[in-house]
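In each ligand, atom 1 is the first atom listed, and ligand 1 is the first ligand listed.
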Amino acid sequence: MKVCKFGGTSVATADQIKKVADIVLSDPARKIVVVSAPGKRSDDDTKVTDLLIRLAEAALDGKDTTAQLGEVVERYRQIAEGLNLSNEIVQVIENDLKERLEGDKNDTTLFTDTLKAAGEDNNAKMIAEYFSSIGMEAQYISPKDAGLLVNQRPARVQALPEGDAQLAKLRDLPGIIVFPGFFGFTEDGTLRTFNRGGSDITGSLLAAATDAELYENFTDVDSVFAANPRVVDNPAAISKMTYREMRELAYAGFSVFHDEALIPAFRRSIPVCIKNTNNPSAPGTLIVKERDHSSQQVIGIAADDGFTTLFVDKFLMNLEIGFGRRLLQILEEEEIPFEHTPSGIDNLSVIIRSRFLTPEKEQRIMERIKDELKADDVHFNHDYSMIVLVGEGMRDTTGLAARAAAAIARTGASIQMINQGSSEVSLVFGVMNEDETVILKELYKEFFSNIKVCS
Ligand code: ASP
């Protein structure tokens, strides 16, 4: 039994949904179909999820929402028409949206999440109806009925393992199950959405809970590539990689698969395959526990911008017991997660995603570190990028770091920070934003020239 998830572009139009039906029909093992909300039909289009967010914002601002509601309904109407479904389903969707808009606006998180979830929820209903209309045995199942349980923390919604036993029963239902991605319910029945792109998480959770033989994640590219195709021309396709490698790449900007989605599949050792709805016969990228990395030590290079460094210096810091803990506690109290903490004997840098900071927070943090930790120097540096070299072979190949550093030196850019993760699956270089592209290209040349496919 396989779980397949179809992303936004795979379910954005009637024609795309027809391809989904063909894919599901072509393999009887494809039993659970997780769907996103309709995504972009072209580069300048807007995802239904974004339309819904705007709709929720307008409603919370007390504005007239007729136009925004109409825009969402119109997207479903066009799809329903292209699938030859009756107008009844469009009416059901419109009524559902109106009901959500009537919800309690005092809890703004719940109100917004409820509207956001409508994108996948209604799409799943419509796709189930389409499958049935062409003679497939299919049914929509709601995450509430299936028991997809999530925690109470709206800031970081995560699935609870307590839901697994109930979810496992999906296996025993007859026919094909069409399941909306992106949201679950707390134990007291409150709807919560995962963070953006979270339908990948739903698919992985269901694959793990039902002990699927494979989790197929259908998107709009033939495979995961060794570097961003928008920066590097024709990058090598990755045919096989490990969970840890995908995790590192997804973390550092490979948006093809949500980084949190790997965890459930990884824990149950369910292989994940990234495939293309528009070219389903392409083999895709298989993500597994282990691979033979003797011939391809480095599997990919990711680059991500939007980082800030908090630099703290204090003479004899290395002898001060508890300094690091107290520093990180200040960040914890400001609700700021950190990414890396490279350190020297008298100084420590904390690398943070800039989106978690504001000028006021930075000011407060600097004052607290000076007052409470008596630091000699504290400041923030902005506009950093992280370039991450990823590969299982990093562990037992000598000279990889030297080759990478030499490649960066050839660009004339300077390295601000180096961090070799303890797992030794990745090597991270902190560089200035403006040097990111040229470094990525040079590193790619160093490690991938003449390679078409890597595994
Ligand atoms: N529709 C949601 C988003 O746009 C979730 C998803 O597509 O995975 O983020």
Side-chain angles (χ1 to χ4, degrees), residues 3-13 16-17 19-20 32-57 68 71-73 75-76 79 93 96-97 100 109-127 140 142-143 148 150 154-159 178-185 191-208 215-221 224 246 250-251 253-265 272-278 355:
V3 172
C4 16
K5 180 257 164 179
F6 292 88
T9 54
S10 304
V11 288
T13 64
Q16 288 299 90
I17 294 173
K19 290 183 195 166
V20 170
I32 299 180
V33 178
V34 176
V35 296
S36 280
K40 290 185 176 193
R41 295 160 293 184
S42 59
D43 280 351
D44 53 7
D45 198 12
T46 309
K47 292 176 170 194
V48 164
T49 307
D50 290 308
L51 295 179
L52 289 164
I53 293 170
R54 283 186 215 161
L55 175 62
E57 282 167 359
Q68 271 119 332
E71 220 179 331
V72 178
V73 175
R75 288 288 290 269
Y76 288 103
I79 297 174
I93 293 172
D96 170 81
L97 289 165
R100 290 175 198 249
T109 306
L110 176 59
F111 183 79
T112 308
D113 277 6
T114 304
L115 272 154
K116 270 155 76 182
E120 348 294 285
D121 208 23
N122 286 307
N123 217 19
K125 284 181 198 158
M126 190 166 64
I127 290 170
Y140 155 85
S142 93
L148 201 164
V150 296
R156 177 132 161 65
V157 177
Q158 283 182 298
V178 186
F179 199 99
F182 196 34
F183 66 99
F185 290 83
L191 185 151
R192 294 257 185 262
T193 50
F194 296 119
N195 53 17
R196 295 301 302 266
S199 297
D200 286 352
I201 305 176
T202 307
S204 183
L205 284 169
L206 298 194
Y215 171 31
E216 293 177 308
N217 196 286
F218 283 88
T219 171
D220 51 10
V221 286
V224 180
M246 185 70 234
Y251 156 80
F254 273 40
S255 56
V256 74
F257 193 60
H258 198 296
D259 56 353
E260 288 182 47
L262 277 170
I263 302 153
V272 179
C273 192
I274 312 281
K275 285 179 78 80
N276 190 352
T277 300
N278 305 317
R355 66 170 185 270

Residues [X], [Y]: salt bridge by 4.0 Å N-O rule:
| X | Y | result |
| --- | --- | --- |
| D220 | K275 | no |
| R100 | D96 | yes |
| K116 | D113 | yes |
| R156 | E260 | yes |

Could you tell me, atom by atom, which parts of ligand 1 come under 4.0 Å of a heavy atom of [X]?
| X | answer |
| --- | --- |
| S199 | 5 (C), 6 (C), 7 (O), 8 (O) |
| K47 | 4 (O) |
| R196 | 3 (C), 4 (O), 9 (O) |

Give yes if a backbone or side-chain nitrogen or oxygen of G197 is under 3.5 Å from a nitrogen or oxygen of ligand 1, and no if not.
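Such a contact does occur with ligand 1.
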
Using a 3.5 Å cut-off on N or O atoms only, is E120 in polar contact with ligand 1?
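Indeed, backbone or side chain, E120 has an N or O that close.
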
Can you tell me the protein heavy atom closest to atom 7 (O) of ligand 1 and the distance?
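The closest heavy atom on the protein side is S36 OG, 3.0 Å.
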
Could you check atom 1 (N) of ligand 1 against the protein and tell me its nearest heavy-atom contact, residue, atom and distance included?
T49 OG1, 2.7 Å

Do the ring planes of Y215 and F257 sit parallel (below 30°), tilted (30 to 60°) or perpendicular (above 60°)?
tilted

Are the side chains of I53 and L115 in contact, using a 4.5 Å heavy-atom criterion?
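No - every pair of side-chain heavy atoms lies 4.5 Å or more apart.
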
Ignoring hydrogens and geometry, is there a side-chain-to-backbone donor-acceptor pair from N217 to I274 under 3.5 Å?
no

Work out whether the distance between some heavy atom of G119 and some atom of ligand 1 is less than 4.0 Å.
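No; G119 lies far enough from ligand 1 that no heavy-atom distance drops under 4.0 Å.
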
Just to check, does G7 reach to within less than 4.0 Å of ligand 1 when the distance is taken from its heavy atoms?
no

